[in-house]
Student: 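Got a structure for you, questions after.
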Amino acid sequence: MSRPGPPSRTTAAPPAPGDAVPPDPRCFLIRGQLRRPLALTVAQLRERWPQRRAEVVFDCATNGPQHHTFEGPLLREVIDAAEPAFDVRRRKDRSRYVLAITGRDGHHAALSWAELDADFGDAPVLLATAMDGRPLDASGSQLVVPSDRCGARYISAVTGIWFGTCVPPEADGSRAGGPGPDPS
C-alpha cells in the first residue's frame with residue numbers, strides 16, 4: 001500500500017531520560033516522523049491488532065536462562081497504523097528509519113525498521129500485552145525481541161517509541177541540489 005505525498009521532514013528527537021512520561025503505566029506514546037502519532041494503552045494493543053504468541057528463552061546475566069511466553073501485536077503493525085512518513089515503494093528510503101524504545105525504568109533499546117520490515121528482516125518483534133498468561137495492563141506493555149539471545153532489548157513498561165531517520169537527508173547531501181559548497 002503506497003502513501004500519498006512527500007515524506008514529512010519532522011525533526012522530533014529520540015526520547016531522552018528526562019522526557020515526560022505518561023502518568024498511566026498502561027499508556028505510551030509513539031511519535032517522530034509519522035503522519036499519525038499515537039498514544040496507546042495495553043488494552044488498545046489487545047483490541048486493535050491481532051495477538052501473536054512468542055515462546056522465548058533469553059540468557060540473563062544475573063539469573064541464567066529465562067523462559068517466557070509473550071502475547072501481543074507485532075510492533076511493525078502498530079507502527080504501520082501511525083503511518084510512517086516514508087514512501088513504502090522505496091526500499092532504500094525505508095532502510096534509513098530506526099526506532100528508539102524507552103521503558104519506565106529509563107532502559108532504552110534501538111531497532112532498525114529494516115529488522116521489522118517484511119522486505120528485509122521480517123523479525124516478529126512484539127509489543128506484549130501478556131506474559132506467561134498474565135495480562136500486562138497494570139504494569140505496561142513490553143518490547144519482546146524473540147530472536148535476541150540475551151534480554152538486553154526487552155523493555156518493560158514501554159513509555160515511548162520514537163520513529164525516524166537515522167541520518168537526516170541534509171546530513172548526507174541527498175537533498176535537492178546536493179551538498180553545499182565546501183567550507184575549506
Student: Would the distance check show the side chain of His107 and the main-chain N or O of Ile101 forming a donor-acceptor pair, the cut-off being under 3.5 Å?
Tutor: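 No; zero donor-acceptor contacts below 3.5 Å.
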Student: Looking only at non-hydrogen atoms, find the nearest pair between Leu34 and Ile30 and report the distance.
Tutor: CD1-CG2, 3.6 Å
Student: Tell me, do Arg53 and Thr69 make a side-chain contact under 4.5 Å, heavy atoms counted?
Tutor: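 A side-chain contact exists here, since the closest heavy-atom pair is under 4.5 Å.
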Student: Can you name the closest pair of heavy atoms from Ser141 and Ala128 and give their distance?
Tutor: OG-O, 3.0 Å
Student: Would you mind checking if Arg134 and Glu71 are paired as a salt bridge, meaning a charged N to carboxylate O distance below 4.0 Å?
Tutor: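 Result for this pair is no, no salt bridge flagged.
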Student: Please give me the minimum heavy-atom distance between Pro146 and Val144, naming the atom from each residue.
Tutor: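 Closest approach of Pro146 to Val144, heavy atoms only: CD-O, 3.2 Å.
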Student: Check Asp119 with Arg91, please: is the shortest side-chain N to carboxylate O separation under 4.0 Å?
Tutor: yes
Student: Is a donor from one side chain sitting under 3.5 angstrom from an acceptor on the other, for Thr129 and Gln51?
Tutor: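 Yes - a donor-acceptor pair under 3.5 Å links their side chains.
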Student: Does a salt bridge link Arg94 with Asp87, judged by any charged N lying under 4.0 Å from a carboxylate O?
Tutor: no
Student: Would you name the heavy atoms of Phe70 and His68 that are closest together and state the gap between them?
Tutor: CE1-CB, 3.5 Å
Student: Do NZ/NE/NH1/NH2 and the carboxylate oxygens of Arg149 and Asp59 come within less than 4.0 Å?
Tutor: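 No.
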Student: Please find the pair of heavy atoms, one from Leu38 and one from Val78, that lie closest to each other, and give the distance.
Tutor: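 Residues Leu38 and Val78, closest heavy atoms: CD1-O, 4.0 Å.
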Student: Check Arg153 against Leu143 and note the closest heavy-atom contact, atom names and distance.
Tutor: O-CD2, 3.2 Å
